[in-house]
Protein chains: 2
Amino acid sequence: MTRPGPHLALLLLGSYRKLVDAAVRELADRGHDDVRPSLHYAMSAIDLGAESASELGRALSVSKQAAAKTIAVLVQRGWVAVEDDTADRRRRRLRVTDLGHRVMREGEAIFDDLRKAWAERIGDDELARLEELLTAFVGADTIRLESPGWIAAEQSSIAE
Amino acid sequence: MTRPGPHLALLLLGSYRKLVDAAVRELADRGHDDVRPSLHYAMSAIDLGAESASELGRALSVSKQAAAKTIAVLVQRGWVAVEDDTADRRRRRLRVTDLGHRVMREGEAIFDDLRKAWAERIGDDELARLEELLTAFVGADTIRLESPGWIAAEQSSIAE
DNA sequence: CTTTACTCGACAACAAGGTTGTCCAATCCG
DNA sequence: CGGATTGGACAACCTTGTTGTCGAGTAAAG
């Protein structure tokens, strides 16, 4: 046992990575190579209404240039399609393809399975309690599920 | 609420980032600019016995080249000193300086404070329980505290 | 001793996922 | 209308990691 503070951070990061690594590995086994969490969240944000690169950037709390790069990857894999916007000819409208939705559904199913496996080990109520505690810490009202980067952008009012 | 599986991953990542962001910010306020967690863990690993770049790489589960880059930063900031090894003239021995130790102690104190603030919000026993659950998930026996990257390396055999 | 194998660390190129800054075309607004 | 703003492309760069290559130093046969 080391100092409790840094250890807690390590535990949180370790749990996240264990979960994500397992999901990425499992997704690869099912034929979807190299699905990064960020790609999943980007598609999710598009589905939730981020129709253009700029909007996606705002939704994910990253620059529009970063969003454009992510979109380029998604398009190249055939998970997202872009079309010209007839109403606003500057914009390029985004749409998750059927293939993209399939990848998302598989990813979600895998995460659900992993969560279930964890629940079986520590108990359903314990896991629910854990999620509750984490939610309380992260701030339930400001949580933006489509984004893995919302924390940094959030107004930082950590208890001190 | 969205699907529980992905949400859990987001909660874990979010909690980690909230904790680390707060610590980095607080450390900056105290005059230690841009202390990345990886720098802290690298110094910790050096203190724990990683005396050379190659050893540090192994301790952190990264390539020796990546370790060398981290060392370069630490040396440039005066947190780590390198000396020639008289016994093995290939090696450059690493040592955390007094200044480095001071930064580490401050970082640990801040993490402890943040943990305490969290404990006050949700209760001491609840936080302890949370740590217990996370430890169980991450795998208590394989945990390597000095490394934020041990998870990925854990079950995928050997590297380098 | 010498040869062969291995290790250490340096250097270079590159990847992922971000960041700024610049620029132009299109749209909005006063 | 004309200026301000927005959308997106392009480029350069940062961080933190990855390979690959290499020469020098050490270890271990033979």
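Every value quoted in this text rests on a predicted model; they were computed, and no experiment measured them. Lettering of chains follows the sequences in order, A, B, ..., and the numbering in each one begins at 1.
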Judged by atom type as modelled, is there a donor-acceptor pair below 3.5 Å linking the side chain of B:Thr70 to the main-chain atoms of B:Ala66? yes
Using a heavy-atom cut-off of under 4.0 Å over every strand shown, decide if A:Ala66 touches base, sugar-phosphate, or nothing. base
From C-beta outward on B:Arg90, which listed nucleotide comes closest to its side chain: D:dT26, D:dT16, D:dG8? D:dT26
In whole Å, what is the span from the CD1 atom of B:Ile71 to the P atom of C:dA10? 8 Å
Do the rings of B:Trp118 and A:Phe137 sit parallel, tilted or perpendicular, given the 30° and 60° boundaries? parallel
Establish whether the base of D:dG7 is bridged to the side chain of A:Glu55 by a donor-acceptor pair shorter than 3.5 Å. no
Which comes earlier along DNA chain D counting from the 5' end, the contact point of A:Gln65 or that of A:Asp88, where each point is its nearest nucleotide? A:Asp88
5'-most contact on DNA chain C: A:Arg89 or B:Arg93, nearest heavy atom basis? B:Arg93
For B:Asp84 and D:dT26, give me the distance from atom CG to atom P, rounded to whole Å. 11 Å
When rounded to whole Å, the CZ to P distance for the pair B:Arg17 and C:dG17 reads 13 Å
Round to a whole Å and report the spacing from NZ of B:Lys64 to P of D:dT16. 21 Å
Ranking B:Ser52 and A:Val73 by the position along DNA chain C of their nearest nucleotide, the one closer to 5' is B:Ser52
Length of the CZ-P vector between B:Arg92 and D:dG23, whole Å: 20 Å
Looking at C:dA13, C:dG17, D:dT19, which one has an atom nearest to any side-chain atom of A:Arg36? C:dG17
Would you mind classifying the nucleic acid contact of A:Ser63 as base, sugar-phosphate or nothing, using non-hydrogen atoms under 4.0 angstrom? base
Closest listed nucleotide, where the reference is the side chain of B:Lys69 and the choices are C:dA13, C:dA26, C:dG9: C:dA13
Hey, does the side chain of B:Ser15 reach the backbone of B:Leu11 with a donor-acceptor pair shorter than 3.5 angstrom? yes
Report the distance from atom CZ of B:Arg58 to atom P of D:dG17, rounded to the nearest whole Å. 17 Å
Would you confirm whether A:Thr97, through its side chain, and A:Trp79, through its main-chain N or O, come within 3.5 Å as a donor-acceptor pair? yes
Could A:Glu83 and A:Arg93 be called an ion pair, given the rule that one side-chain N must be under 4.0 Å from one carboxylate O? no
Nearest-Å distance for atom pair CD/C1', residues B:Glu51 and C:dT7: 16 Å
Separation of atom CG in B:Leu39 from atom P in D:dT16, rounded to whole Å: 7 Å
Any base atoms under 4.0 Å from B:Ala67, or only sugar-phosphate, or nothing? Heavy atoms, all strands. nothing
